[in-house]
Amino acid sequence: MEERRKSEKEYRALYPEVSDEIIDFLQESDRKMAYFTKDLKEEKFYKNEEKLVIYFIPSREDSLERLQEDTNAQFGTLDDVEEEAIKNIRIERLNRELETLDVVELELIDALFRKELTQRAYAECIGKAQSTVSKRLKKLLEKLGMKKF
């Protein structure tokens with residue numbers, strides 16, 4: 001309170017012709033500036049003598065850099081979001097296409113991509129040449145809209 005009276009006297013000395021409303025406004029502006037420049041930025045410790053406890057009150061202001069890091073960690077960058085959206089669209093399209101495949105084509109995909117068999121190993125399992133499996137895979141990938149894998 002004493003600080004407020006001091007600033008009022010200073011404003012009165014600087015601006016003797018100004019109304020009380022303007023002096024009050026200037027004082028309130030000073031208090032807001034102090035709040036934004038000091039109170040928000042400082043960490044505080046309060047000691048409760050009765051309970052023998054010390055309370056820590058962290059700064060309520062975050063730096064722009066920290067907020068950006070947190071945002072990127074939570075949401076990623078715009079490029080990451082776009083890439084994720086494109087990936088999801090491709091997955092949806094692929095799932096629709098997979099529903100149109102017959103059993104033989106699904107077995108080929110399962111063996112080569114989920115079980116990670118080589119074309120040669122899968123060809124031996126089904127009693128065909130490796131070149132036959134390669135041709136089937138090429139046609140299948142084209143059917144799914146995947147020219148290159």
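Residue indices begin at 1 and follow the sequence shown. Quick caveat, the model's predicted, so the values are computed rather than measured.
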(request) Run the salt-bridge test on E28 and K32 with the 4.0 Å N-O cut-off and return the result as yes or no. (result) yes
Interatomic distance, [X] atom [atom1] to [Y] atom [atom2] [nearest 0.5 angstrom]:
| X | Y | atom1 | atom2 | answer |
| --- | --- | --- | --- | --- |
| T100 | L106 | OG1 | CG | 8.5 Å |
| S131 | R120 | OG | CZ | 10.0 Å |
| E99 | L94 | CD | CG | 10.5 Å |
| Q130 | Q119 | CD | CD | 5.0 Å |
| E84 | I89 | CD | CD1 | 11.0 Å |
| E17 | I22 | CD | CD1 | 9.0 Å |

(message) Does F113 form a side-chain contact (heavy atoms from CB on, under 4.5 Å) with L137? I'd like the steps, not just the answer.
(response) CA-CA 11 Å; F113 296 104; L137 178 61; 3.9 Å; yes
May I ask you to test the [X]-[Y] pair for a side-chain heavy-atom distance under 4.5 Å?
| X | Y | result |
| --- | --- | --- |
| K115 | Y122 | no |
| E83 | K87 | no |
| L108 | L101 | no |
| E10 | D30 | no |
| L98 | I109 | yes |

(message) Testing the basics here: between A13 and P16, what is the closest heavy-atom pair and its distance to 0.1 Å?
(response)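 Minimum heavy-atom contact is O-CD, 3.8 Å.
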(request) Please name the pair of heavy atoms, one in I54 and one in K47, separated by the smallest distance, quoted to 0.1 Å. (result) CG1-CG, 4.1 Å
(request) For a salt bridge (charged side-chain N to carboxylate O under 4.0 Å, His left out) with E105, tell me which candidate from K139, R136, K143 qualifies. (result)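 Among the candidates, only K143 passes.
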(message) Would Q27 and D24 count as a side-chain contact (heavy atoms from CB on, under 4.5 Å) here? Give the steps.
(response) CA-CA 5 Å; Q27 289 173 334; D24 289 343; 3.7 Å; yes
(message) For the CD atom on E50, are there more than 12 heavy atoms of other groups (residues, nucleotides or ligands in this structure) within a distance under 6.0 Å?
(response) no
